[in-house]
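These notes concern the structure reproduced below.
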Amino acid sequence: MRNTSDVIGVAAVYIDNSFNSAALAGMHRAARERGYRIIILQGSPRSVARRGLGIRRVAGWVAMYTCDGLEELLSDATPAVLFCAPPVGARHPVVRAENRDSIHQLVEHLVRLGRRRLAYIGLSSSDDFIERARSFEEALSARGLAADLNLLSSFDQCSISYTEQRLGAMLDRDGRFCDAIVAGNDEMAFGAINAIRARGYRVPEDIAVVGFDDITAAQHFDPPLTTMRQNPELLGSTAVQRLVEMIEGRAPEQMVTRVPAELVLRRSCGVGAAWEGALNAPEPAGPAVDWHGDLSRQLNALLAGGTPSPLDRAPRVWPEVEVVVRGLDAALTGAALPDAQELERAFGAAVAYNDRIEVLRAVVKQVERTAARQLAGAKEPDAARRVEIFLDRMHLAQQRALAAWERRSVESLERLVRTSMETSMLLASKQTWRDDRLGWLRHTTMRVACVALWADAPPGPGGPELIIDSLRAREPGLEALVRQRSPADVFPPPELIEAAAPDEPSGYLVLLPIANARRDWGTLAVGGLHTESFADNLQPLGMWTALLAAAFERYELEAALHAERDMLAAAYGRERTLSSTVRELGCPVIPLLPGVLLISLIGAIDAARAQQILEAVLSGVAREGARWVLLDVTGVPLVDAETAAALVQTAQATRLLGARVSLVGVGPRMAQSMVELGIELRGISIFQSLAAAVRQLTR
């Protein structure tokens with residue numbers, strides 16, 4: 001029986017590179033074709049399960065790269081498919097690249113070029129990289145070569161900068177220890193090339209480098225990278241296809257599906273592109289009977305990534321090719337030529353499908369060869385001149401299409417910079433934080449975004465809840481969702497999923513945790529990303545979410561500091577009040593007898609205390625009209641030179657008002673200390689006790 005939910009969940013550990021963007025686009029396309037929608041949750045199955053988002057909304061799961069915690073994520077008979085992850089029994093089908101044959105092709109190609117000391121570098125924690133490492137050793141052993149340079153265990157990351165640093169350290173230590181490097185992905189290959197060149201070695205003359213994936217940057221790198229071209233969209237769509245079969249009650253035909261890869265030759269291993277061989281292949285002389293159809297199929301085959309033959313199986317990926325074919329026919333027959341704008345639109349579609357420079361060059365070259373062959377039988381007298389005009393117009397259209405594509409990429413990067421700067425402003429501007437926490441998305445074309453925070457209240461019967469804190473949407477009508485509470489296991493609300501426009505090529509929703517090692521604040525949900533634009537795809541989302549988490553932490557810490565400051569200010573006020581009270585109690589002026597004041601001193605006497613005593617004595621004498629002042633020093637722990645000076649100063653000032661001062665409570669220890677210090681209390685009489693002073697005064 002089919003599950004009533006139409007949502008597929010994708011637990012994706014990594015989303016921030018072009019390969020994963022393309023794979024997720026393939027998943028979304030396959031889901032749309034089968035009546036499903038996808039939501040992408042960043043994290044391993046274990047972390048997704050522990051956060052609990054969307055658990056009851058999802059009909060099935062695709063787990064990308066890891067099966068860690070998969071059983072925690074699945075409830076009852078919820079199906080799951082593993083994407084490029086190791087198999088875990090017979091319950092969950094696996095979809096992954098054809099790693100073994102691909103590595104064998106790379107090794108065979110390098111060996112044919114005369115390379116004998118081959119090294120492998122890859123990510124030690126990735127099952128795909130591990131499988132490629134095993135295939136590398138197997139391929140070398142099968143060819144009688146040493147497989148001692150499998151360096152998989154030496155690499156913990158697969159980024160460009162890390163690989164450059166790590167391989168550079170090896171080259172510094174061991175010199176040119178190999179003559180070819182097989183990298184587990186293209187980014188590691190880029191890092192390897194940078195490290196090799198930084199040490200004065202040449203690529204490919206001294207060390208050849210090959211990669212895996214054929215990401216867009218591979219063709220633009222210096223030198224262009226030889227690599228195995230994977231089809232991430234096909235991998236993603238195949239994974240969803242297997243999952244839908246399981247959701248709808250059909251057993252998968254096979255538990256492991258391998259998607260083949262294609263060897264793409266470029267200069268990083270010492271040979272030119274495969275397109276050069278295809279273009280230099282001989283063609284039949286003279287005009288063809290159906291040259292229109294042949295040219296259309298040839299150009300479609302080239303654009304699709306294959307060679308111009310066999311033509312009968314060429315995929316039709318470029319319908320606009322008919323503009324080019326019709327234009328060449330018009331040049332040969334004297335009909336009206338297509339204008340530059342029409343040709344530019346046609347090549348714009350070609351560039352959007354395949355922006356690889358060598359492919360586009362091969363397309364133009366194939367048109368030129370066909371034109372040269374057809375001119376031999378042309379009946380139009382000025383056909384050669386018209387063909388030349390058409391070819392010039394076609395060249396211009398292609399260059400303009402490429403320039404427009406590059407301009408869009410530059411504009412995308414500019415938007416990315418502006419967006420990142422505004423996100424960083426959240427760390428500095430309280431006003432921005434209060435007014436619009438998602439204002440930085442104004443420079444992107446995302447359809448919808450929201451920040452949902454965990455509710456502070458203890459979880460209710462339905463489990464933890466999220467509160468939508470802020471929301472930004474292209475379409476109106478979603479404002480009512482702000483401040484709305486949603487149980488975590490049914491988040492996101494259907495309105496958010498719809499706002500991402502699931503029928504569009506990029507209409508899926510991505511949920512990213514706003515968290516760091518200290519705290520999990522909630523989730524950033526974004527939808528309607530455009531994968532052809534760098535600023536609007538998945539790559540910068542990790543950075544933006546980290547900045548958002550930093551902003552939450554900063555303002556949370558500021559709030560805590562402000563609360564602590566207020567608490568300290570209140571405590572300081574209480575301390576000042578208490579200090580004033582203590583000061584008053586520490587120097588009480590007591591009328592003991594008519595004309596006699598008693599001032600009992602307790603504690604050490606410093607400069608501030610001495611001033612207080614002086615002021616209290618003079619004020620008391622003036623107020624009471626006293627003739628005698630008894631300073632009781634029984635509670636004073638010691639009398640030093642500073643204390644004695646204060647007492648003498650008090651006595652002198654008191655005499656100016658017509659009163660005398662006596663010390664009361666001088667014990668043996670204090671008397672001994674005063675003698676040892678040579679303290680003389682001129683004009684101050686001394687009593688051993690208060691009783692002795694009272695007896696003397698009453699007489």
Side-chain angles (χ1 to χ4, degrees), residues 3 5 7-17 19-20 23-24 27 38-96 123-131 156-158 235-236 239-240 242-243 246-247 255-256 452-454 459 462-466 486-492 508-525 538 541-542 545-546 548-549:
N3 191 298
S5 172
V7 176
I8 291 172
V10 181
V13 180
Y14 311 109
I15 63 173
D16 54 350
N17 62 44
F19 181 88
N20 293 319
L24 294 170
M27 293 182 192
I38 69 169
I39 57 174
I40 300 161
L41 299 93
Q42 186 182 31
S44 66
R46 187 182 306 281
S47 64
V48 170
R50 291 181 177 176
R51 300 187 87 236
L53 299 186
I55 300 297
R56 286 199 294 130
R57 190 172 292 285
V58 170
W61 290 92
V62 176
M64 297 183 70
Y65 303 115
T66 178
C67 53
D68 176 46
L70 184 62
E71 296 306 323
E72 293 182 33
L73 181 62
L74 305 181
S75 59
D76 302 326
T78 305
V81 169
L82 304 178
F83 178 94
C84 297
V88 285
R91 181 183 170 190
H92 309 300
V94 179
V95 175
R96 66 191 316 169
L123 178 62
S124 58
S125 59
S126 165
D127 189 70
D128 261 337
F129 285 81
I130 293 171
E131 188 175 61
D156 300 323
Q157 299 178 32
C158 58
L235 280 166
V240 166
R242 296 288 177 269
L243 181 61
M246 298 174 68
I247 292 173
M255 292 307 297
V256 179
L453 306 178
W454 294 110
E465 291 184 323
L466 288 163
S486 171
D489 56 5
V490 294
F491 187 87
Y508 50 83
L509 207 62
V510 184
L511 308 183
L512 302 103
I514 305 173
N516 58 21
R518 191 179 66 85
R519 182 175 172 184
D520 182 349
W521 286 272
T523 292
L524 171 66
L538 299 171
L541 283 178
T545 309
L548 201 57

Between Val95 and Arg242, is any pair of side-chain heavy atoms under 4.5 Å apart? yes
How would you list, by chain and number, every residue that makes a side-chain hydrogen bond (donor to acceptor under 3.5 Å, both in side chains) with Arg56, sequence neighbours excluded? Asp489
Run the side-chain hydrogen bond (donor to acceptor under 3.5 Å, both in side chains) test against Arg51 and tell me which residues pass, sequence neighbours left out. Asp520, Thr523
Nearest heavy-atom contact between Phe129 and Cys158 is CZ-CB, 4.3 Å
Do Ile55 and Leu73 pass the side-chain contact (heavy atoms from CB on, under 4.5 Å) test, and can you show the C-alpha distance, the side-chain angles, and the key distance before you say yes or no? CA-CA 8 Å; Ile55 300 297; Leu73 181 62; 3.6 Å; yes
Minimum side-chain heavy-atom gap Phe19-Leu235 below 4.5 Å: yes
Which value, rounded to the nearest 0.5 Å, describes the distance between Ile38 atom CD1 and Tyr508 atom OH? 6.5 Å
Can you check side-chain contact (heavy atoms from CB on, under 4.5 Å) on Ser124 and Asp156, steps first, answer last? CA-CA 6 Å; Ser124 58; Asp156 300 323; 3.6 Å; yes
Which atoms form the tightest heavy-atom contact between Gly43 and Val48, and what is the distance? O-CG2, 3.9 Å
Please report the interatomic distance CG(Asn20) to CD1(Ile15), rounded to the nearest 0.5 Å. 8.5 Å
Rounded at 0.5 Å granularity, tell me how far CD1 in Ile514 sits from CH2 in Trp521. 9.5 Å
With sequence neighbours left out, what residues match Gln157 under side-chain hydrogen bond (donor to acceptor under 3.5 Å, both in side chains)? none
Got a sec, which residues hit ring pair (Phe, Tyr, Trp, His ring centres under 6.0 Å) with Tyr65, two or more places apart in sequence or on another chain? Tyr14, Phe83
Non-hydrogen atoms of Ser44 and Asp68 that approach each other most closely: OG-OD2, 4.1 Å
I'd like to check the side chain to side chain contact (heavy atoms under 4.5 Å, CB included) partners of Ala80; sequence neighbours left out, ordered by chain and number. Trp61, Leu70, Leu74, His92
Closest non-hydrogen atoms of Ala63 and Pro45, given as atom of the first, atom of the second and distance, are CB-CG, 3.9 Å
Identify the residue among Leu41, Thr545, Ile40 that makes a side-chain contact (heavy atoms from CB on, under 4.5 Å) with Leu512. Thr545
According to side chain to side chain contact (heavy atoms under 4.5 Å, CB included), who are the partners of Pro79, at least two apart in sequence or on a separate chain? Leu243, Met246, Ile247
Beyond-backbone contact of Val94 with Met255, side-chain heavy atoms, under 4.5 angstrom: no
Might you point out which heavy atoms bring Pro86 and Cys67 nearest each other, and give the distance in Å? O-SG, 4.1 Å
Report the distance from atom CG of Leu511 to atom CG of Leu524, rounding to the nearest 0.5 Å. 8.5 Å
Derivation of the side-chain contact (heavy atoms from CB on, under 4.5 Å) call for Gln42 and Leu541: CA-CA 10 Å; Gln42 186 182 31; Leu541 283 178; over 6 Å; no
To check you understand the geometry: which heavy-atom pair defines the closest contact between Val58 and Ser5, and what is its length? C-OG, 4.1 Å
Hey, are the side chains of Pro492 and Leu509 touching, using non-hydrogen atoms and a 4.5 Å cut-off? yes
Which residues pass the salt bridge (Lys or Arg N to Asp or Glu O under 4.0 Å) test with Glu72, not counting sequence neighbours? Arg46, Arg50
Who pairs with Ala85 by side chain to side chain contact (heavy atoms under 4.5 Å, CB included), at least two apart in sequence or on another chain? Leu82
Rounded to the nearest 0.5 Å, the CD1 atom of Ile130 sits from the CG atom of Leu123 at a distance of 8.0 Å
Is there a side-chain contact between Ile39 and Val7 (heavy atoms, below 4.5 Å)? yes
Where at least one partner belongs to residues 81-91, residue pairs that pass salt bridge (Lys or Arg N to Asp or Glu O under 4.0 Å), sequence neighbours excluded: Glu71-Arg91
Which residues share a side-chain hydrogen bond (donor to acceptor under 3.5 Å, both in side chains) with Asp127, sequence neighbours left out: Arg96
side-chain contact (heavy atoms from CB on, under 4.5 Å) between Val10 and Met27: does it pass, once the steps are laid out? CA-CA 9 Å; Val10 181; Met27 293 182 192; 3.9 Å; yes
